[in-house]
Every structure is written in structure tokens, then in C-alpha cells.
Amino acid sequence: MTFSLTTWNINSVRLRMPLVASFLKTHQPDVLCLQETKCPNDAFPLAAFRKLGYEHAAIHGQKGYHGVAILSRLPLDDEARRDYCGKGDSRHVCAVVAPPNGPKIRLHNFYVPAGGDEPDRAINPKFAHKLDFLAEMRALHSEAERASGISSILVGDLNIAPLETDVWSHKQLLRVVSHTPVETETLNALQMDGAWVDLMRRHVPPQEKLFTWWSYRARDWQQTDRGRRLDHIWSSADLSGHLRSIEVLREARGWERPSDHVPVTARFLF
DNA sequence: ATGGTGGACATTCCA
């Protein structure tokens, strides 16, 4: 049996609902994880998702900013939210899903703080927040959960492009927030701590450039191709052998009134 | 070195 999951920073779920509907009709992932929904829970378009076959939802939104959601064709159990850094931001939601013939999987959906412009925690509180948020994420040990009989998947907009090939120019972005050494080292440490596997790079060789985000500010995003890989799909080690494909839907950046991020889909076989 | 665009919300903040 296959199990598929998409992560997508949607930059307003209400504005982008027609694009989401079109994507779900053509790709039909079992689970959709959204970030930057920018939508309070009582205004979330649950009915529209239900009509598309996504009857199960774990949502965590707020007015104006941030917001994460898990929409699913399969039942979701044991849903939870965590308030990272005690700021009251809606940046994490999780739930357990059990694909047919597969293990129980806890899905963590994150929207990590972008971190502002200046990569110095002493003068930029947003950058300090980003690093503190990542430090708090280290408490998630996928191995610990595995030991209690449950596998893990971590997805979301982590706002960090860790590899040299995750940005259009390693040299030119070394001092740009999202690709600074302190961020990429912190992300790598977090990944090792939890024994997380970077499934996108399991499927696409690290030598190949791979982007999931292109700035709105570029005159022609396609021509200059100044992208970054800010969106990620990680899993506990036991799931990596079940991965069958990763699809980065680059064409979605060219849709009408697009998000600046594109959907990334992982397909597993159990 | 600078500003470019886009979304929400309220007349600015955030990315």
C-alpha cells in the first residue's frame, strides 16, 4: 500500500484555496501539511477540504500570521500543538496517522521563524528567536518515539537551506539568513540528535541543486532561478527504506497568484 | 548599497 504526504507553505490558505483544490484533485496525497495559513481556526475552510475528501484535520492558526494545518484522508489521532519559545505563535501541530499495512506515524508540521535580516542574535531578536526555536526542537527525538513503537515524520518550512546545493549561490548567501553557518550547523545537529533522515536528499543526490522557494521580489523567478530549499521532509530511520519518490512541484511557482513556496510530496510503499 | 513583491490588517508588520 502506498502512503503519500505533501508539505506546502501556502502563504494564506483562504486566498490560495483554489490552487490547493486544484493540486489535491490532481495529486491526491493522503496527507497535506500546510504552513503560513494566516487563518484563525474558526475561519479555516474545513468544509472545502471535506468536499475534496480530506475529512480529518488538525489545525493551529492565529490571526494574520503563521499558522499550520494537517489535512488528511486517513483518520488522525492524538493531535497536539506545542508553543515553542512561549510566544503564543502557531508554528507547530502534530498528529498520529496509521497508513494501511504501515506503522503508526507521528507527523510533526513546523513553521520555523524566518529570522529577520541580520544574522546576529545579539542585535536581532528575530534571529535569536529562530535559533532558540531550533534548540527547543532538539527535544524531539524520533528514536525515542520509535522505541515506544511509533515512527516519525517531520515536515515544514524550516526556513534554512542546509547544503551548498540548496541555494543558488553558496558564496553569495553565506551571510544571508537561511544559509549562515550557525543556522546550517544548528539544523544539522538537530537532525543528527533525532536520527532524522533528510528524505528529499535521500532521493535527490546532494550534488544536484534543489529549491522549493523563489522570492516574490525577483523580476523573473524562472530566468534567474535564484531559489532556496527551505521546505523539508524528514523521517525516522525505519521509514527511509519505504520511500519511493520525492516530487518538488516547481511548476506551481508559475501558477496564477502563486505562493512563493511550492508543494513537496513524498510517497512511501508499505 | 539598495530595493525589489506579496499577504493580512489596518493605515504597518512580516516575509
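Throughout, protein chains are lettered first and strands after them, A, B, ... in sequence-line order, and every chain is numbered starting at 1.
Spacing between B/dG7 and B/dG3 at atom P, rounded to whole Å, works out to 22 Å. Separation of the C1' atoms belonging to B/dG4 and B/dC14 is 16 Å when rounded to the nearest angstrom. For B/dC13 and B/dC9, the C1' atoms lie 9 Å apart once the distance is rounded to whole Å.
Remark: A/Phe270 pairs with A/His242 by the ring pair (Phe, Tyr, Trp, His ring centres under 6.0 Å) rule, at least two apart or across chains. Take A/Asp231 and apply the side chain to side chain donor-acceptor pair (under 3.5 Å) test, not counting sequence neighbours, and it matches A/Thr212, A/His261. In this structure, the side chain to side chain donor-acceptor pair (under 3.5 Å) partners of A/Thr180, at least two apart in sequence or on a different chain, are A/Glu183. Legend: residues meeting side chain to side chain donor-acceptor pair (under 3.5 Å) with A/Glu136, ordered by chain and number and at least two apart, are A/Arg82. Every residue meeting the ring pair (Phe, Tyr, Trp, His ring centres under 6.0 Å) condition with A/His66, not counting sequence neighbours, appears here in chain and number order: A/Tyr111.
Mapping A/Gly64 and A/Ala218 onto DNA chain B via the closest heavy atom, the residue that lands nearer the 5' end is A/Ala218. Each of A/Tyr65 and A/Arg257 was matched to the nucleotide of DNA chain B holding its nearest heavy atom; the match closer to the 5' end belongs to A/Arg257.
Comment: A/Arg253 does not engage A/Asp225 in a salt bridge, judged by the lack of any side-chain N to carboxylate O separation of less than 4.0 angstrom.
For DNA chain B, the residues of residues 6-19 of chain A within the heavy-atom distance limit of 4.0 Å (strictly under) are A/Asn11, A/Ser12, A/Leu15, A/Arg16, sorted by number. Less than 4.0 Å separates DNA chain B from at least one heavy atom of each of the following residues of residues 109-117 of chain A: A/Tyr111, A/Ala114.
Annotation for A/Leu230: hydrophobic cluster partners, listed by chain and number, are A/Trp213 (ILVMFWY side-chain heavy atoms under 4.5 Å, direct or chained).
The list of salt bridge (charged side-chain N to carboxylate O under 4.0 Å, His left out) pairs with a residue in residues 194-203 of chain A, not counting sequence neighbours, reads A/Asp166-A/Arg201, A/Asp198-A/Arg229. The stretch residues 141-193 of chain A participates, sequence neighbours left out, in these ring pair (Phe, Tyr, Trp, His ring centres under 6.0 Å) pairs: A/His170-A/His179. Within the structure, ring pair (Phe, Tyr, Trp, His ring centres under 6.0 Å) pairs that include any residue of residues 67-101 of chain A comprise A/Tyr84-A/His92, A/Tyr84-A/Phe110, A/Tyr84-A/Phe133, A/His92-A/His108, A/His92-A/Phe110 (at least two apart or interchain).
Side chain of A/Lys38 to backbone of A/Leu15: no donor-acceptor contact under 3.5 angstrom is found.
Where DNA chain B meets chain A (any atom under 4.0 Å from a heavy atom), the bounding nucleotides read 5' to 3' are B/dG4 to B/dA15.
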